[in-house]
Amino acid sequence: MEEIKLIRPQKLHEAAVLDYKEEYFSNGENDLHGSSLLTEMASYDAWLAHLAKQADSATVSSDWVAATTFLAVRQRDQKIIGMIDIRHYLNDFLREFGGHIGFSVRPTERKKGYATAILRLGLDYCKTLGLERVMLGCYKENSASASTIIKNGGILTKEFSHEAGKKFSFIGSICHSFSFLVMLK
């Protein structure tokens, strides 16, 4: 695995981000975790405006929390390898179902150790926010995410089932999920 860094999305990343998004769709995936609603925005510029609004607790949507979204970029060739969205604090919904972090790795770059590195860098950022512990969740079926969280010090705190609602990709079904806690030192 090659070295990566986290950077904030800017206008100059538009073509690379859209390519990243298209790779997901071409791979038959509709959910792009850690992207702060990229797939739901009308345009790249609208997404950048959304990110700016979401990054500040004074302007964040009333039903959400302040968050910072990063692109995980391979240093050698500047290719976007993944994305990570770091929530600065939790609301009731996130405390119950989501956690502080959502992340993804592009399909062609999986199983190379990038997810573990992206999450490690994200946890480092959480320390700069003053967080002492970070909650992460994943679907029980997603053993790759569970393994990534455990490699970064995650301890399974609960296993639960819940009916999926609008905020979940499996609308109308039952989701089986894990919740993990990572202690930051």
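Heads up: numbering here begins at 1 and tracks the sequence. In this text the structure is predicted, and so the values were computed from the model without any measurement.
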Visitor: Would you name the heavy atoms of Cys138 and Ser145 that are closest together and state the gap between them?
Guide: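 Looks like CB-CB, 3.9 Å.
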
Visitor: At what distance, to the nearest 0.5 angstrom, does NZ of Lys79 lie from CZ of Arg74?
Guide: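 One gets 5.5 Å once the value is rounded to the nearest 0.5 Å.
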
Visitor: Using the side-chain contact (heavy atoms from CB on, under 4.5 Å) rule, take Arg8 and Phe70 through it: C-alpha gap first, then chi angles, then the decisive distance, then the call.
Guide: CA-CA 5 Å; Arg8 292 180 190 230; Phe70 293 101; 3.8 Å; yes

Visitor: If you take all heavy atoms of Ile149 and Leu119, which pair is closest and at what distance?
Guide: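 It is CA-CD2, 3.8 Å.
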
Visitor: For the backbone of Glu22 and the side chain of Ser26, can you confirm whether one donor and one acceptor N or O come within less than 3.5 Å of each other?
Guide: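 Checked: pair present.
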
Visitor: For the salt bridge (Lys or Arg N to Asp or Glu O under 4.0 Å) test, which of Arg110, Lys21, Arg106 pairs with Glu29?
Guide: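 Among Arg110, Lys21, Arg106, the one that satisfies the salt bridge (Lys or Arg N to Asp or Glu O under 4.0 Å) with Glu29 is Arg110.
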
Visitor: State whether the side chain of Gln54 and the backbone N or O of Ser61 hold a donor-acceptor pair below 3.5 Å, judged by distance alone.
Guide: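 Present.
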
Visitor: Of all heavy-atom pairs between Ile4 and Ala117, which one has the smallest distance, and what is that distance?
Guide: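 For Ile4 versus Ala117, the nearest heavy atoms are CD1-CB, 3.8 Å.
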
Visitor: Is the backbone N or O of Tyr125 less than 3.5 Å from a side-chain atom of Thr128, with the two atoms forming a donor-acceptor pair by type?
Guide: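 Yes; at least one donor-acceptor contact below 3.5 Å.
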
Visitor: Hydrophobic cluster membership, with links at side-chain heavy-atom distances under 4.5 Å among I/L/V/M/F/W/Y: are Ile84 and Val134 in one?
Guide: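 Ile84 clusters together with Val134.
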
Visitor: State the CG-CG distance between Leu131 and Leu123, to the nearest 0.5 angstrom.
Guide: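 The CG atom of Leu123 is 9.5 Å from CG of Leu131, to the nearest 0.5 Å.
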
Visitor: Hydrophobic clustering (ILVMFWY, side-chain heavy atoms < 4.5 Å, transitive) - are Val73 and Leu32 grouped together?
Guide: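 As far as the 4.5 Å side-chain criterion goes, Val73 and Leu32 are connected within one cluster.
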
Visitor: Treating Asp56 as the side-chain partner and Ala52 as the backbone partner, does any N or O pair qualify as donor plus acceptor under 3.5 Å?
Guide: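 No; zero donor-acceptor contacts below 3.5 Å.
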
Visitor: Which residues pass the ring pair (Phe, Tyr, Trp, His ring centres under 6.0 Å) test with Phe103, sequence neighbours left out?
Guide: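 Expected list: none.
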
Visitor: Start with the C-alpha distance between Met83 and Leu38, add both sets of side-chain angles, then the distance that settles side-chain contact (heavy atoms from CB on, under 4.5 Å), and finish with yes or no.
Guide: CA-CA 11 Å; Met83 290 188 178; Leu38 173 63; 3.8 Å; yes

Visitor: Of all heavy-atom pairs between Thr69 and Gly34, which one has the smallest distance, and what is that distance?
Guide: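 Distance-wise, the nearest heavy atoms are CG2-O, 3.7 Å.
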
Visitor: Do Tyr24 and Ile118 sit in the same hydrophobic cluster, where Ile, Leu, Val, Met, Phe, Trp and Tyr count as joined when their side-chain heavy atoms come under 4.5 Å apart?
Guide: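 Not linked; separate clusters.
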
Visitor: Please round to the nearest 0.5 Å and tell me the distance separating atom CD of Glu109 and atom CD1 of Ile80.
Guide: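 The CD atom of Glu109 sits 11.5 Å away from the CD1 atom of Ile80.
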
Visitor: Are Val17 and Val105 connected, step by step, through hydrophobic side chains (Ile, Leu, Val, Met, Phe, Trp, Tyr) whose heavy atoms are closer than 4.5 Å?
Guide: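 Cluster IDs for Val17 and Val105 differ.
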
Visitor: Going through the checks in order, is the side-chain contact (heavy atoms from CB on, under 4.5 Å) test met by Ile86 and Leu129?
Guide: CA-CA 10 Å; Ile86 300 168; Leu129 296 173; 4.1 Å; yes

Visitor: Could you pull out all donor-acceptor pairs under 3.5 Å where a side-chain atom in residues 89-99 meets a protein atom, sequence neighbours excluded?
Guide:
{"residue": "Tyr89", "atom": "OH", "partner": "Ala66", "partner atom": "N", "Å": "3.4"}
{"residue": "Asn91", "atom": "OD1", "partner": "Phe93", "partner atom": "N", "Å": "3.2"}
{"residue": "Asn91", "atom": "OD1", "partner": "Leu94", "partner atom": "N", "Å": "2.8"}
{"residue": "Asp92", "atom": "OD1", "partner": "Arg95", "partner atom": "NH1", "Å": "3.0"}
{"residue": "Arg95", "atom": "NH2", "partner": "Leu90", "partner atom": "O", "Å": "2.9"}
{"residue": "Glu96", "atom": "OE2", "partner": "Lys158", "partner atom": "NZ", "Å": "3.4"}

Visitor: Can you tell me which residue pairs pass the side chain to side chain donor-acceptor pair (under 3.5 Å) test with a partner in residues 35-44, sequence neighbours excluded?
Guide: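 Residue pairs with at least one partner in residues 35-44: Ser36-His50.
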
Visitor: Quick one, Thr68 and His88 - any side-chain contact, counting heavy atoms below 4.5 Å?
Guide: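 Heavy-atom side-chain distance check passes, below 4.5 Å.
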
Visitor: Is there a donor-acceptor pair closer than 3.5 Å between any side-chain N or O of Ser179 and the backbone N or O of Thr157?
Guide: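 No, the answer is negative, given that no donor and acceptor are paired below the 3.5 Å cut-off.
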
Visitor: For the atom pair NE2 (His100) and CE (Met135), what is the distance rounded to the nearest 0.5 Å?
Guide: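 Here the interatomic distance stands at 8.5 Å.
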
Visitor: I'd like to know if Tyr20 and Ile7 are part of one continuous hydrophobic network [Ile/Leu/Val/Met/Phe/Trp/Tyr, side-chain heavy atoms within less than 4.5 Å].
Guide: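 Looking at the clustering, Tyr20 is in the same group as Ile7.
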
Visitor: What are the two closest heavy atoms between His33 and Ser104, and how far apart are they?
Guide: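 Here His33 and Ser104 meet closest at O-OG, 2.8 Å.
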
Visitor: Roughly how far apart are Leu71 CG and Ile81 CD1, rounded to 0.5 Å?
Guide: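 Spacing of CG (Leu71) from CD1 (Ile81) equals 11.0 Å.
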
Visitor: For residues Asp45 and Lys11, report the shortest heavy-atom separation together with the two atoms involved.
Guide: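 The answer is OD1-NZ, 2.9 Å.
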
Visitor: Report the C-alpha separation of Tyr114 and Glu2 in whole Å, then their side-chain angles, then the decisive distance to 0.1 Å, and conclude whether the side-chain contact (heavy atoms from CB on, under 4.5 Å) test is met.
Guide: CA-CA 8 Å; Tyr114 287 118; Glu2 298 182 50; 3.8 Å; yes

